[in-house]
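In what follows, chains carry the letters A, B, and so on, assigned in the order in which the sequence lines appear, proteins first and then strands, with residues in each chain numbered from 1.
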Amino acid sequence: MDIQTSTADKALVVAVGGRLDALTAPEFERKAAELIAATPGPLIVDFERLDYISSAGLRALLATAKRIKAAGAQMLCVGVTGPVREVFDISGFSAVFQMHDSVVGALAAVD
Amino acid sequence: MRAGRSIARTFTLVVSVCTTLIFTAAIGYSYHRSRVALEKEVATNVANLVQGSIHRVETTLRAIAKATEGVARALETGHPANRSLHALLKATLLDNGEIHGFGAAFDPDPVLDPPVPTVPYFFRRDGRLIFAPEDSYEYLGQDWYQIPKELGALAWSEPYLDRASGGTLMTSCSVPIFVGTGEERKVRGVVMADVSLEGLTDLVESIRVLRTGYSVLLSRNGTFLTHPDRDLVMNETIFGLAESLDRPELRDLGKKMVRGGSEFLAYTTIGGVSSRMYYAPVPSTGWTLVVIFPEAELYADVHSLTLVVTVIALAGILLLTGAVHGIARAVTAPLGALATATEEIAAGNFDAGLPPVGTRDEVGQLTLAFAAMTSALRDYIRDLTETTAAKERIQSELKVATDIQASLLPRLFPAFPDRPEFDIFATMDPAKEVGGDFYDFFFVNPTNLCFLVADVADKGVPAALYMMVAKTLLKAEGQRLGEPDQILACVNTILAADNDSCMFTTVFCAILDTESGEVRFANAGHNRPVLISDSTARLLPVRTGFVLGPMADVVYTTERMMLRPGDVLFLYTDGITEATNRTDELYGEKRLLKALQTVADMELVEMLAAIRAEVVRHADGAPQSDDVTMIAIKYRGMPNADR
């Protein structure tokens, strides 16, 4: 797993690549928590380069979303496609998270 | 360290050998140079000695020759009367103590009377001069007269033994007397001086070189005039000796001597002693003075000096070897003690004492380092022992947890032997000691069987704990509510309260009406089940619902379907479809459907075993990364209805 962070306009963009599973999820959660603490505001998670997500990965996403919500902001998911999209669909996450096709689209949705 | 050669021994050996080599080279070179220098010096000294002796001999001989010449020149002017001739001869003899006898002889001359005069001759005896005229007239043919006359110059005769004076070694100096000048100049007579060689031979014999070196005087013909061996004197020549001893080189040497050469050379004496020889000519008489001295004596000093130096060097090497060995031992002894202590430590005895640190040198530092290492090792092993013990405790606890978790799931099959209208079978293989997957089945009333499969997020102990809660709630609420959507909604609400860790579980919950075959089901984010009907396996279209746990107030929907007798509903977790092989290839739904189709007609026990085996085959040795859970239900229909 690799995590790339960038700032776009009014939101923080975190691009995740590789596998987000039981092994890497704790690292993602910790890193996301640090970013949220450092720069409060909307967080866009880009799944474009993510190959695989496990239930542990989903749990880390939930925890991150909860943390942002507690800070009064929102988490948006972009680029959820392929096997990752399947997992999102089966588990019902697609209906719960704000899903966007691109970072630009997500930025437009940020209030 | 004890095996093989010790450092001290090696060190000592190397130093001794090197020192010995250095000393040997130095002494050898010094010995060689000393020999060369000494030989050069001795050669010079011997040459000087010989030349000095020759000079003394020459001085004497020249004086005699000069006196004789003087008389000859005096006799050339006019015809001396017998009386004045006698007076001249006596006076000359008196003036020259070296001359033994003195005389003059003349060629026969008709002018004279008698034509062949008496030869006047005076000689010494007991301090007086005795007149002994020669009147045999045989002198005309004798060498002492003939040779100077023919040569027209001074001549020394070959030495001879004079019987008249009791066998004294003599030589004669003869000088021709001339008359006339230019073309008419001719020899008129000869003045002759007899010289005793006793003084000269004494002088020659007194020449001593080193301890046993000696000298030899050879005549013009190579006859021994002096020699330590008296038998050779006047009896033998160097050429005769060469002949009798069969030593050709001696003959060559003799030739060179007779020719008047001088040389310093190596020479082996008649007795076979390696020696050095120097010879030089006595110019006046053509004699040769030879000095011979043994080589052993020449080098005696060098030998004794070298011997002393060698003894000192050997003593020095011994002392040095002793000192080096002592120092090396002093250095390596603590190392040996340290090695012994280290071996004991290596054997596991960390309390073994290290040798005391006496000095701050390298060995001392090494000992301190070892002490630190031993202490660190002791701590490490203690920590390791504790950690291992803790790990073993956790391991045994986990083993118990595995058993508890397994015992929580219904494991007794056939589960409902008195219910012929359906079969049910399930398995759960945790990836770790404890897992987050579970299944369950129970009757909510006599004709409604609730069965479910669930997958808690993540793995291991946290998942197992959450699984316990979820399973308990699902069964309790399931039996109380009896409808899938209500069960899920209710359990979700309970789980979502105080769920800070955002744990969640997916659940597929279904209820089978055993009389009608109708199945009511609701899904909370779980994989779609497979329906096997008429030997065809297909994924059941299911509405997706959100997983249980993260969020309260989620609404689920109950869907319905009919099972015909013989139909099988196959529920599973993603441990099957996401099982990977070595190239990270997922097992996937397609393979699952295909596999299920081939085993569609099997009994449930064999069907699940076959699928499990298929997944293991796909993994091809890759480790199982997730819990693998399957539950299958086969509807057979009401026996009464068939009748």
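- Residue-level contacts of residues 12-35 of chain A with chain B, in order of numbering, are A:A22; threshold 4.5 Å between heavy atoms.
- Residue B:D553 places its CG atom among 12 or fewer non-hydrogen atoms of other residues, nucleotides or ligands, all under 6.0 Å distant.
- In terms of heavy atoms, B:T544 sits closest to A:I90 at CG2-O, 3.1 Å.
- Distance check: B:E578 CD to A:S55 OG gives 8.5 Å after rounding to the nearest 0.5 Å.
- Comparing A:D89, A:V96, A:V87, A:L61 by how many heavy-atom pairs each has under 4.5 Å with chain B, the most go to A:V96.
- Residues B:P550 and A:L62 approach most closely at CG-CD1, 3.3 Å, considering heavy atoms.
- Counting heavy atoms of neighbouring residues, nucleotides and ligands inside a 6.0 Å radius, atom CE of A:M99 exceeds 12 of them.
- Checked by atom type and distance alone, the side chain of A:R59 never pairs as donor or acceptor with a backbone atom of B:V456 at under 3.5 Å.
- Residue-environment remark: CG (A:D101) stays at or below the threshold of 12 foreign heavy atoms within 6.0 Å.
- Taking a 6.0 Å sphere around CZ of A:R49, one finds it holds more than 12 heavy atoms contributed by other residues, nucleotides or ligands.
- Atom-to-atom distance recorded for A:Y52:OH and B:L586:CG is 7.5 Å, nearest 0.5 angstrom.
- Distance alone, capped at 3.5 Å, is enough to place a donor-acceptor pair between the A:K66 side chain and the B:N499 backbone.
- Applying side-chain contact (heavy atoms from CB on, under 4.5 Å) to A:S91 and the options B:N527, B:N523, B:V547 leaves one that passes, B:V547.
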